[in-house]
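This chain uses plain numbering: 1 for the first residue, then up along the sequence.
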Amino acid sequence: LRLAVAVNVLIPEGDGYAFRHALIREAILGQVLPGEKVRWHVRLAEALAADSSLVPPGRAVIEQARHWYSAHDTPRALTSAWQAADAAGRSLAHAEKLAMLARILELWPALPDAGQRIGASHASVLEAAADAAAAAGEDERGIGFATAALNEIDATEEPGRAALLLKARAEMRWYLGQAEGIDDVREALRLVPAGAPDAAARRRVLSWLAAWPEVLGRPEARAAAEEALQLSRQAGDQSTEAHALLTLTTLNFHEHGDLSLNLLEQARTLAEQAHAYDAVLRAAVYESHLLEGAGEHE
């Protein structure tokens, strides 16, 4: 290390060392034989497993996943990627979680017992990938994952699960401005009719159905929002209640010129209590639109 620093190949960085330039790193790694590189990745993964303090808090499992993958150890790469996806999700690193889940799907065909190793089905990983893609703003990829999951799920056996996937796909299409998403929500609602056992799925689907008043028609949108509001209040589902209130706020403005800022504030409070950050963001956007529409430009 002293020699490498003295000749300006490495530089001190924090409590470690880094290459002075990426091209130097590239040139040195280019001289490493493939077998050697694999052995180094194995040693690094084992060192991190033995002492997680070698990297910043929360990074050990994610770094292990990278090294096991680079070492071509498929079983360990799969299980460590699953653990890394969970860790990334807890720290709200949505893009990193998506990358880990995509890696699991890539490795899946190589391991006949992949589902047993991670304790989840292929469809469940696709569902998780769709959610992570939506959270990361990767809506096009999320639609692909949701579609693949729907192809693996029997909607007659699991109508609530299929309905929520359709709702998730519709939500991503809504953000992309794709009007065909309304068909997904209508199909989802058909799968969970009034009185169906999965009331949670119905209220969440109703909430997003109501978000399409221009396509659906305002009377039908209002009816969907009001039913979603009633069901969510009965169940104590603050996130869905917040979304329903936000939709009603906009409907009140467009139908009667009523700003309904008290409803909007209720929605924001509920969303913050539920840590429903998509609803918090939606409340901020809607408040801006409503005030601008009312001529309150400042």
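Not counting sequence neighbours, the partners of Glu152 by the side chain to side chain donor-acceptor pair (under 3.5 Å) test are His122. The ring-ring contact (aromatic ring centres under 6.0 Å, His included) test applied to His41 returns His67, not counting sequence neighbours. A search for side chain to side chain donor-acceptor pair (under 3.5 Å) contacts involving Glu241 returns Arg233, not counting sequence neighbours. For Asn8, there are no side chain to side chain donor-acceptor pair (under 3.5 Å) partners at least two apart in sequence or on another chain. The ring-ring contact (aromatic ring centres under 6.0 Å, His included) test applied to His21 returns no partner, not counting sequence neighbours. Under the side chain to side chain donor-acceptor pair (under 3.5 Å) criterion, Gln273 pairs with Gln238, sequence neighbours left out.
Between the Arg202 side chain and the Val192 main chain, a donor and an acceptor come within less than 3.5 Å of each other. Remark: side-chain polar atoms of Ser70 are paired, donor with acceptor, to backbone N or O of Arg66 under 3.5 angstrom. Side chain of Trp68 to backbone of Arg76: no donor-acceptor contact under 3.5 angstrom is found. No side-chain donor-acceptor contact under 3.5 Å links Ser260 to the backbone of Leu263.
Below 30°, between 30° and 60°, or above 60°: for Trp174 and Trp208 the angle between ring planes is above 60°, a perpendicular geometry.
No hydrogens or angles considered: nothing links the side chains of Arg282 and Thr250 as a donor-acceptor pair under 3.5 Å. With hydrogens and angles left out, the side-chain atoms of Asp237 and Ser232 include no donor and acceptor closer than 3.5 Å.
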Using side chain to side chain contact (heavy atoms under 4.5 Å, CB included), reason through Leu101 and Leu105 one step at a time and then give a plain yes or no.
CA-CA 6 Å; Leu101 292 169; Leu105 294 168; 5.5 Å; no
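Exactly one residue among Asp131, Leu126, Asp184, Leu150 makes a side-chain contact (heavy atoms from CB on, under 4.5 Å) with Leu165. That residue is Leu150. Residue Leu166 is tested with Thr147, Leu189, Leu191, Val205 for a side-chain contact (heavy atoms from CB on, under 4.5 Å); the sole match is Leu191.
The pair Arg190-Glu187 counts as a salt bridge, with a side-chain nitrogen and a carboxylate oxygen less than 4.0 angstrom apart.
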